[in-house]
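One structure is given below, encoded as structure tokens.
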Protein chains: 2
Amino acid sequence: MPRKPQGPCQPVARRDPAATRQRILAAARSLFARQGFDGTGVRQIAHRAGVTRSLVHHHFGSKESLYLAVLERSEAEWAGRLREAVEPAIDSEEFVTEAVRAYHRFLGEHPDFVRMGEGLDLFLAGGADRRRLLAGRPRPEDRNERFLHDAPDRVIGRIAELQRQGRLRDDLDPALVLAAVWCLVEHWHEARDRLGLRLGRDLDGPGIDDRFLETALSILVEGLAPRTENRRPPGGNGGQGGADG
Amino acid sequence: MPRKPQGPCQPVARRDPAATRQRILAAARSLFARQGFDGTGVRQIAHRAGVTRSLVHHHFGSKESLYLAVLERSEAEWAGRLREAVEPAIDSEEFVTEAVRAYHRFLGEHPDFVRMGEGLDLFLAGGADRRRLLAGRPRPEDRNERFLHDAPDRVIGRIAELQRQGRLRDDLDPALVLAAVWCLVEHWHEARDRLGLRLGRDLDGPGIDDRFLETALSILVEGLAPRTENRRPPGGNGGQGGADG
DNA sequence: GCCACAATTGGCCGAACGGCCAACCATTGT
DNA sequence: ACAATGGTTGGCCGTTCGGCCAATTGTGGC
């Protein structure tokens with residue numbers, strides 16, 4: 001490996017601070033995602049990165065700064081991939097199915113993204129100081145980050161647009177529709193293991209992800225389809241529709 | 001408070017081991033639910049319970065045993081309340097709406113139950129020893145615990161029954177239908193704050209719980225209603241139903 | 001060659017953790 | 001009245017945590 005002990009243009013030699021930084025970031029991201037902030041020690045991160053704890057502290061200053069750095073890099077990276085996956089679906093004709101499928105596939109391919117969400121909650125639960133730390137983080141004007149920020153409003157607007165066009169039932173709050181879809185897709189990836197435990201069924205079989213997706217998608221498509229007959233809005237105490245006895 | 005310094009029948013005096021035990025359990029349950037297993041110290045539990053750490057260790061042996069005791073007591077208590085709330089709905093005519101409403105209300109009234117589920121995951125993530133510890137815990141034959149254990153199968157059976165009766169569409173796997181409902185109801189209570197953060201909307205307003213419930217319920221009822229026209233099963237690549245252009 | 005600087009190292013600190021132990025003391029059976 | 005039991009206490013142990021510092025080493029500019 002130490003082929004070029006002295007190269008000013010390509011410092012691939014024994015000392016490579018940039019690569020070391022990246023290795024620390026990668027190790028930290030993997031461990032933070034799996035074990036959360038409190039459950040991961042700086043020593044553990046350093047060991048996986050092949051460096052000493054002091055070096056971690058040298059590069060990032062503190063454990064919290066390292067966590068924020070991980071969050072920032074991951075967010076930027078994930079935002080790009082999520083944008084590539086989901087953005088084309090927003091303006092699609094088959095908006096609901098394509099968007100749900102894209103988001104579902106994205107979560108399946110990036111489980112760390114899901115776990116980072118939980119880890120962030122635990123991190124923020126540490127107190128107001130951490131919230132302030134996160135709030136003081138400068139928001140880059142990256143296009144991918146903008147997408148991550150604007151996506152909910154765009155999706156909600158698209159739902160409302162489809163409602164006005166009569167292609168989705170218009171008696172539901174678009175924001176709450178999005179919330180429902182979010183719960184369906186995200187909770188599956190977040191708590192599938194727990195779900196299988198409680199159901200007493202094995203939810204790890206091959207294709208189970210796709211089978212759940214198709215089931216949820218089918219319920220969504222049918223549940224959001226515009227009604228031909230008139231129906232009470234669900235604001236009050238709506239009666240049961242299908243299995244009404 | 002120390003009214004009876006010497007009472008053999010009612011030891012409400014300064015020494016009341018049973019009451020002390022309950023106080024420790026209550027403190028531990030509250031703190032474990034809010035901060036998880038690793039995030040809660042024995043000293044913190046002891047402080048809240050008004051005793052010393054040694055006394056906690058004396059009564060429960062170890063922190064893990066205390067956690068299991070909390071889990072056991074909480075599970076028994078919650079199983080009873082959940083059974084009272086949900087069991088009547090299973091055999092109800094309006095099965096879907098009543099069951100979802102009951103479970104939704106239960107989760108809203110017992111947020112610790114939700115958080116305990118996450119905490120249990122983190123606890124079990126500690127290693128195989130803890131999993132073995134939990135597996136070796138004797139399962140009491142309490143009627144409430146039996147309900148907690150049997151409920152998923154009963155609900156799945158009920159869904160299948162309604163499918164056979166033609167009151168729910170029969171092209172979906174009942175277990176996956178239950179999984180979808182579970183995701184909808186549980187994730188709302190588990191991640192509502194995170195959801196609001198990402199949506200950039202305030203999801204804490206009064207009645208937001210009920211409004212989401214009615215929206216999700218409406219989607220579910222419509223999405224699970226039997227179709228009059230024939231429809232492709234969702235196994236393949238089903239096209240969008242309502243908004244198909 | 002030499003020096004300044006950054007990367008990297010091992011070691012040390014105070015604090016908090018969970019667990020353990022000897023002692024104190026209220027209650028109880030005899 | 002006495003001893004035994006067990007609830008209760010403060011204190012001590014080893015470990016691990018995150019953070020800090022001095023020293024060493026590799027690297028590039030002069």
Side-chain angles (χ1 to χ4, degrees), chain A residues 1-25 27-28 31-32 35-47 49-70 123 126-127 129-130 133, chain B residues 1-25 27-28 31-32 35-47 49-70 123 126-127 129-130 133:
Chain A
M1 200 73 72
R3 293 280 298 275
K4 294 179 63 178
Q6 38 185 10
C9 355
Q10 278 287 10
V12 214
R14 299 169 55 185
R15 291 226 172 165
D16 192 342
T20 301
R21 226 185 121 93
Q22 291 306 311
R23 259 185 308 148
I24 295 175
L25 271 174
L31 291 171
F32 278 145
Q35 308 170 350
F37 182 80
D38 292 327
T40 304
V42 178
R43 285 164 172 83
Q44 195 180 2
I45 296 172
H47 177 71
V51 298
T52 55
R53 308 126 235 159
S54 308
L55 197 53
V56 178
H57 183 257
H58 170 73
H59 277 293
F60 295 95
S62 74
K63 187 187 179 185
E64 296 193 345
S65 296
L66 171 60
Y67 186 80
L68 292 183
V70 167
F123 176 81
D129 290 337
R130 288 184 181 167
L133 209 63
Chain B
M1 196 76 68
R3 294 279 298 275
K4 295 178 66 179
Q6 39 186 9
C9 358
Q10 280 286 12
V12 214
R14 299 168 53 187
R15 294 241 170 155
D16 192 341
T20 302
R21 225 184 122 93
Q22 291 306 313
R23 258 185 310 148
I24 295 174
L25 272 174
L31 291 171
F32 278 144
Q35 308 171 348
F37 182 79
D38 292 327
T40 305
V42 179
R43 287 165 168 82
Q44 193 180 3
I45 297 173
H47 178 72
V51 299
T52 56
R53 308 126 232 162
S54 308
L55 196 54
V56 177
H57 182 257
H58 169 74
H59 277 293
F60 295 95
S62 74
K63 187 188 178 184
E64 297 193 345
S65 296
L66 171 60
Y67 187 78
L68 293 182
V70 167
F123 176 80
D129 290 338
R130 288 183 181 168
L133 207 64

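All chains are named by letter (A, B, ...) in the order of the sequence lines, taking the proteins before the strands, and each is independently numbered beginning at 1.
- Protein atom NE2 of H58(A) is 16 Å distant from nucleotide atom P of dG19(D), rounded to whole Å.
- Side-chain to base pairing of S54(B) with dG10(D): one donor and one acceptor N or O lie within less than 3.5 Å of each other.
- If you measure from atom CD of E64(A) to atom P of dG19(D), you get 7 Å, rounded to the nearest angstrom.
- Atoms CZ (R130(B)) and P (dG18(C)) sit 11 Å apart, rounded to a whole Å.
- For T20(A), a side-chain nitrogen or oxygen approaches OP1 or OP2 of dT8(C) to under 4.0 Å.
- For dG18(C), the OP1/OP2 oxygens have no side-chain nitrogen or oxygen of H57(B) closer than 4.0 Å.
- Out of dG19(C), dT8(C), dG18(D), the shortest distance to the side chain of V42(A) is found at dG18(D).
- For R43(A) against dG18(D), a side-chain N or O and a base N or O form a donor-acceptor pair under 3.5 Å.
- In this structure, the CZ atom of R53(B) is 8 Å from the P atom of dG10(D), given to the nearest Å.
- Across the protein-nucleic acid pair, K63(A) atom NZ and dT16(D) atom P stand 15 Å apart, rounded to whole Å.
- Listed candidates were dG18(C), dT8(D), dG10(C). Nearest to the side chain of L55(B) is dT8(D).
- Rounding to whole angstrom units, CD of residue Q22(A) and P of dA7(C) are separated by 14 Å.
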